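Notes follow the structure.
Below, chains carry the letters A, B, ... as their sequence lines are ordered, and counting in each starts from 1. Only this structure's heavy atoms are used, side chains among them; waters, hydrogens and symmetry mates stay out. The structure presented is a predicted model; accordingly, all values stated were derived computationally and were not measured.
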Protein chains: 4
Amino acid sequence: MTTSTTAVPFKVADLSLAEAGRHQFRLAENEMPGLMALREEFGPSQPLKGARIAGSLHMTVQTGVLIETLVALGASVRWASCNIFSTQNEAAAAVAVGLTGTVDAPAGVPVFAWKGETLEEYWWCTTQIFDWSAEAAAAGDTWAGPNMILDDGGDATILVHKGREFEAAGAVPPASASDSQEYRVILDTLRASLASSGDRWTKIGDGILGVTEETTTGVHRLYELAKSESLLFPAINVNDSVTKSKFDNKYGIRHSLPDGLNRATDVLIGGKVVFVAGYGDVGKGAAEAMRGQGARVIVSEIDPICALQAVMDGYQVTTIEDVLDQVDIFVTGTGNENVITVDHLLGMKHLAILANVGHFDNEIDIAGLEALAGAERIEIKPQVHEWRLPSGRAILVLSEGRLMNLGNATGHPSFVMSTSFANQVLAQVELYAHGENYGKQVYVLPKHLDEKVARLHLDALGVKLTTLTAEQAHYIGVSVAGPFKVDQYRY
Amino acid sequence: MTTSTTAVPFKVADLSLAEAGRHQFRLAENEMPGLMALREEFGPSQPLKGARIAGSLHMTVQTGVLIETLVALGASVRWASCNIFSTQNEAAAAVAVGLTGTVDAPAGVPVFAWKGETLEEYWWCTTQIFDWSAEAAAAGDTWAGPNMILDDGGDATILVHKGREFEAAGAVPPASASDSQEYRVILDTLRASLASSGDRWTKIGDGILGVTEETTTGVHRLYELAKSESLLFPAINVNDSVTKSKFDNKYGIRHSLPDGLNRATDVLIGGKVVFVAGYGDVGKGAAEAMRGQGARVIVSEIDPICALQAVMDGYQVTTIEDVLDQVDIFVTGTGNENVITVDHLLGMKHLAILANVGHFDNEIDIAGLEALAGAERIEIKPQVHEWRLPSGRAILVLSEGRLMNLGNATGHPSFVMSTSFANQVLAQVELYAHGENYGKQVYVLPKHLDEKVARLHLDALGVKLTTLTAEQAHYIGVSVAGPFKVDQYRY
Amino acid sequence: MTTSTTAVPFKVADLSLAEAGRHQFRLAENEMPGLMALREEFGPSQPLKGARIAGSLHMTVQTGVLIETLVALGASVRWASCNIFSTQNEAAAAVAVGLTGTVDAPAGVPVFAWKGETLEEYWWCTTQIFDWSAEAAAAGDTWAGPNMILDDGGDATILVHKGREFEAAGAVPPASASDSQEYRVILDTLRASLASSGDRWTKIGDGILGVTEETTTGVHRLYELAKSESLLFPAINVNDSVTKSKFDNKYGIRHSLPDGLNRATDVLIGGKVVFVAGYGDVGKGAAEAMRGQGARVIVSEIDPICALQAVMDGYQVTTIEDVLDQVDIFVTGTGNENVITVDHLLGMKHLAILANVGHFDNEIDIAGLEALAGAERIEIKPQVHEWRLPSGRAILVLSEGRLMNLGNATGHPSFVMSTSFANQVLAQVELYAHGENYGKQVYVLPKHLDEKVARLHLDALGVKLTTLTAEQAHYIGVSVAGPFKVDQYRY
Amino acid sequence: MTTSTTAVPFKVADLSLAEAGRHQFRLAENEMPGLMALREEFGPSQPLKGARIAGSLHMTVQTGVLIETLVALGASVRWASCNIFSTQNEAAAAVAVGLTGTVDAPAGVPVFAWKGETLEEYWWCTTQIFDWSAEAAAAGDTWAGPNMILDDGGDATILVHKGREFEAAGAVPPASASDSQEYRVILDTLRASLASSGDRWTKIGDGILGVTEETTTGVHRLYELAKSESLLFPAINVNDSVTKSKFDNKYGIRHSLPDGLNRATDVLIGGKVVFVAGYGDVGKGAAEAMRGQGARVIVSEIDPICALQAVMDGYQVTTIEDVLDQVDIFVTGTGNENVITVDHLLGMKHLAILANVGHFDNEIDIAGLEALAGAERIEIKPQVHEWRLPSGRAILVLSEGRLMNLGNATGHPSFVMSTSFANQVLAQVELYAHGENYGKQVYVLPKHLDEKVARLHLDALGVKLTTLTAEQAHYIGVSVAGPFKVDQYRY
């Protein structure tokens, strides 16, 4: 349990919002059997007792159940969202106030997140999860920092690394012309920090035992840091657990893409032509969802193997240029930039819909669109904008090009997040208990834990697993209890 | 155009709501190519000039586009919703104020509908669409009634028939013990009417040239009236146009069932067991949608032919009793009563979800649930109620057992409604122009008009139709222009 | 049982072939629960006792089970195939010799059919099913003809009508230049008949109580005869039973199209582009089967309603010309002529596959292909021909443009034929018992018999039907036992 | 080209069979774009010149195209099948005689394979691919052995290893009581060899540069040999190329499972209950195929991750015991033994179908069935046996429990084999050119070659690949030309 109830500097921490969120927690817990099972298994032994976790991950109801699970295992937690739009205010309020689900009498967890933050607010929130002075004061200590990071996209991790780098340099460099607006805000944030303390981030970095990272993007950053030998602490790559990447990405998007499209536009998906850029796990889930609603799906790919999978799954595979004016809904899930350019936008059908479920808002060149002379933006409703183009046609951009399954819907559903978050919890437990055994590298969870996460979710779906006989296990050279596959097995 | 702008007795007719609705009309029009094509084709000739249409149909954005189309063809219109929950207030406001889509300078249409009416309010609203005194006064007449009804479910039609019946009898009978609460309200409404006028409904009934009816339920009532020779005017059964029943029911539900489930509960559909009661067009669409999201679907049927279709389509077909405790989501689409009884409810899994997409709130025995001792109702959010049962488990009831695709989502999407409503418009045009050629019977639209409705929707979906050669048309004994099938063809 | 074992003038009636067929009958019976149930229900009462049935229908194992069912109900039977390629010789032999399935000691049924008949042989075979002289002789009578026809495609029926017509005219007209080769053979056949008897077909026609017809094509011919008031006896249109047209066509083709493609070509269907001409029941089954194997399906349609269904089901809908050179497999299921012309053939990809599952071999213009200068035909194996075209490319034509699901595979599987044939048996029983109540018109089976056919097939698939309560039945105005739908219900 | 035409000791090498096979080669080549592209790319440089390949792989038409490709790249080849039932005699004949496809004037390749070998014949055939005395003689050499093995299942490899082991020991051990019948034949074969030569296999083993292995089973054996440091030469694991395991297994089975069921039984798959044991790639393809034909699929799994995938894909997941008497078709694809036991067989529905697409005939306990008192086997047709059980019911066993997609159909289709075999060819080229760089370990092909195989198959399917811009490639840290994914990417 957190010990601080006085310091809840949360914009939306009012009781009526929290009350509105509380019922959703009960429903979410019913849909997150993995987390609930971990509470039951590990609650008594309190393996996270003493852990001070700085969490940066979309502040939704599901994340609330994760936070409560971490707390139930003994951790203290401070939390920010990792996206300016993705916070569900009633969930944030309920966590902040302590009105969540079945955990008895939680005292409230400091949450720094609300829907629609500015970039300045966003990075201020992120700094707050590293400021454990209230907790230190309550404990009679002069200083405390977090000892664990739970990250999504790497923003919390990057802040520590950059902060320490600039402290070592003694100065924050000026922004260069090519720096993004967001990077300028980061520089400003750290410049202000350096002005007030010369070793704040250095001390924080020293205190951290490890980070567990949720996403492809964040993992990519971690591997870069490890490659350049500048990673400050061990990292567990949660993203590449099978029960994360092959579930969250594929089945989560299958659910939340049509959900977001429906809430945003109410447009009939059946009979429409949907273009899906990228046929990785995200694209596979997106294509299946759209076909399941009666759309005709066209896929683009750069990787010949994924392209061959797409065509063998019955989809037309071609370039965006080839079908630009036949498509009703464009979905991007590549993780790359400029997949849809301004030139593409100008060639689209009237009121074509643009939905990004990849990562950043540069998959669709939103910056280019904003700079386009003669383009006019009309807000249909929050997160749904009609852009009237010089061509005389208009397009509908969802969530300003950011993740529309979060911005226009409520993100992945609880059950999917339960598989991801069960990996997070196991990774936190592992690193907190045995961080000293790990080098400053990026690790994945061992297969038996991956299988464990899956196992925790079977009962709720009525699955009856078959058990090997001893003879059968011997015949294929595995243990009756698993793990059942070689590490490189692709599922 | 309506001539009355002064009398907009609409609860939600404020300008800011209307502004919020206006953008949605532009998007809806893009998705309703059938209605827009009919405006283009018939706008110049004004075939509905002089028509005074009393409309009773869910007051959504799509219905707004229908209303504007009727107006564009020359009609005057007054409108009520046919369901206490289904009104989209911003759509109602926009229609009432006249801020809809592309029709220039509409003066506003009297609309009597808001989300969440009481039964008393609902029937008051329905009486208002028959009160054309303001229009009469504006035209300098002493009396005017509607000359057409556009109905959904038959409530407007039944009010006229019951009103006239009681006027002929000189009295409204007292409610009997077995009468539903709703029927009591109807009796009260007509009792008040009779107190103020002895021939109001008789005059209204005399003035009506015909009714066009949208739904199975309403059509069933019309056939009953025709069978008993008490139908007061000709009726066109729009429901049984192929482009209505096989599109609205199947493809509409395929879209709006998952949409409603998602907005109401955010529960992952993938991996769940979904029970679909009834494998008619509604059930077919429901089952396809759930399978398309990765659910396992179990179907129940009373009709061996539909049961055989379901099993040939790969679904398990069994009774609800057989799988009661294995099901996560129950969907009813039968059009019958007590498909799910209180005993069934008591045997369900904890937090099983109940979603009715059939017709009335008696498919699931909500009245029985409300009467169940020890059952407690908790509002999670509007239209989503957790019922804690004496069994210690809880269930989630959507839209209080009424149509959840309307109550929890926004009903069928525009494109689907465009096919239904194009049939409505053609039926209104036909009956208004040639009503005198029809007897007091129930008719369906001729096949060439049904095919015309389909044809109006092909371009928007990029469909290129093949044209028969004269030789081929001769070979199969049809005209090159169609119709292409015998009347009994099943599609 | 037939009494004649001496007269089995069947080309393939040898015992070893029959032995090879006999096991297949046992398996087929297990898959034809409808026919087996009818044997059980009607065997004791022998409703076909005295019936002499002239049958013309593809001589497969399934038809053998039908024949045995007719015999089990008391009928005498003579049989021909209705297609020169569709006979399974081992099935014909087993029926002829009497080595079929579970019926005890059948004495053998005269069968006139073998795979690969010439047109002359085909029409000779058809005449043999009308020659009951052996049966007459065995019974001590001077003459006997059939009193029932069971027809598929109308060839048996047409032979009687034409025979009688020419006998009335006293002469068979010479063939005209535009007559097909097949019609010339019919004229020759009847010319020979007239030479030996002036009233043979007149007497046969007089003796026939009715015909039950299996197919769209045959039904079409019957309606033409009825319209021109020249139909000689009542007809039951078995084709338009729901349990025939919506099952045989859709689910039968879904099974037998890929089966035929595989046996003929072994070409991977996954990843290929398949063009399906026509989206009636046949096309719907074809498209579903191809998609189910991972192909991308493109549909063509002339009917806007069916076109709209296809696009709502997620298929691209366009003309054949638009995609000619992108298609790997062409499937025709329209029932029309020249759907694929020689010009189309010349524009196709190298080794494109042509598969007709519609009706005649003129859906693809095979005659035009045969007349094409420079085209060369190479037999890859029976029913699979490579045509080298003057374009330098080649195409693969299956079954010479005739029904490839029969020619390259074994036709619809037993279970599907059980639904069709149960309708046939019920229709034969009805017409034989009550033919005198019927006019010289075309009738469909009443809905309760249609539902009965479905009901007979549910147990075998593990289906548990739900039963209405009396209150529910009353609520929707039906009997608890059905029928459950209005006649025009589309399923 | 092979230089030996004299020595074609092949049972089925007659010209008329070869003629029958020749057309199939032309069609197969059209479906194997990967192999044809490799011929074009590498034909001029002859990278396999001097290679003497001992090949052991199902002797089908597709393998014939592989053989011709190896020859076209310069290799000499001797070939046996790796399964006693899988040889297509006309393909074997055509290869032996040299009448295959488009390769000009091949002189014929020594082939030792026919459909339906005894175990003794099978192992004799396998020894023949190592006997290059005829080639040696033709070249004027005293001795020659193969220098490469191309293996499927490891039988050729194991023969060399066992032969060498026994030569080193100076004796072949007697069979023990627990040895399988097949292992006894191997021992006999090697005993005879040892009697005639004491160093034959030692010399062969010394001469081999490497082996490329096709299957999971063979790869498993190789890893075991490598682990025990007894592997005699480097091995490339072709099975675990993505373009092999994720294509051959999944898409191949999706095609060939229903094909085999249809050819074997003609049973309607639609509406049936199909049990799929194992949800690896094979099971995934099997389940998809059965669902695509309208069956209801139930899956069993031992691995919780694969089980979770199955349920998320919409399948019921349970144990075989739970649904034993409801299943119409059992499909095994686990790679384990005794997945279906005799007890299971006794509890099945009458005429339940058993289809193994895993690996050996012990997935279903055929040996146990053969030993069951009171069980009677009836041959319906080759590879289709009805077993009458003491329970009074019967079951249908396909291909005697061996791979039914090979035994009852023609195996994976050409296109799928083109992806597998393109990997084989690239692996042979790599090992033959650079074998000395490899240790005595098991390797997989590098990702760029895997992607190359995919790339070679895109054009034939009309796929248009998208190309990264330099900026995009830089953004995600890959080369524009690929490889695009990290090694552990799961696809």
Name the residue from His255(C), Met417(C), Arg254(C) that meets the side-chain contact (heavy atoms from CB on, under 4.5 Å) definition with His412(C). Met417(C)

Lys349(C) versus chain D, the contacting section by heavy-atom distance below 4.5 Å: side chain

Do Ile269(D) and Pro258(D) come within less than 4.5 Å of each other through their side chains, counting heavy atoms only? yes

Begin with the C-alpha distance, continue with both residues' side-chain angles, and end with the deciding distance and a verdict on side-chain hydrogen bond (donor to acceptor under 3.5 Å, both in side chains) for Thr318(D) and Gln316(D). CA-CA 6 Å; Thr318(D) 193; Gln316(D) 184 178 358; 5.3 Å; no

Part of Leu261(C) lying under 4.5 Å from any heavy atom of chain D: neither

Tell me, for Glu379(C) versus chain D, whether the close heavy atoms (under 4.5 Å) come from the side chain, the backbone, both or neither. backbone

Could you tell me if the side chain of Leu354(C) sits less than 4.5 Å from the side chain of Met348(C), heavy atoms only? yes

Close side-chain approach of Lys284(D) to Lys246(D), heavy-atom, < 4.5 Å: no

Would you indicate whether the side-chain heavy atoms of Glu29(D) and Arg39(D) approach each other to under 4.5 Å? yes

Quick one: which of Leu27(C), Leu461(C), Val267(C) has the most heavy-atom pairs under 4.5 Å with chain D, could you say? Val267(C)

Top of Val463(D), Val416(D), Thr410(D) for chain C proximity - count of heavy-atom pairs under 4.5 angstrom: Thr410(D)

Among Val384(D), Asp328(D), Asp259(D), residue most engaged with chain C (heavy-atom pairs, under 4.5 Å): Asp259(D)

Assert top hit (heavy-atom pairs under 4.5 Å, partner chain D, pool Gly462(C), Pro413(C), Gly292(C), Ser414(C)) equals Pro413(C)

Check Phe247(C), Tyr251(C), Phe415(C) against His457(C) for a ring pair (Phe, Tyr, Trp, His ring centres under 6.0 Å) and give me the one that passes. Phe415(C)

Going by heavy atoms in the side chains, are Tyr315(D) and Val276(D) under 4.5 Å from each other? no

Of Gly294(C), Ala28(C), Ala289(C), the largest count of non-hydrogen pairs under 4.5 angstrom with chain D goes to Gly294(C)

Is it the side chain or the backbone of Ala460(C) that comes within 4.5 Å of chain D heavy atoms, both, or neither? backbone

Count the heavy-atom pairs under 4.5 Å between each of Met290(C), Glu386(C), Gln326(C) and chain D, then report the option with the highest count. Glu386(C)

Side chain, backbone, both or neither: which part of His350(C) has an atom under 4.5 Å from a heavy atom of chain D? both

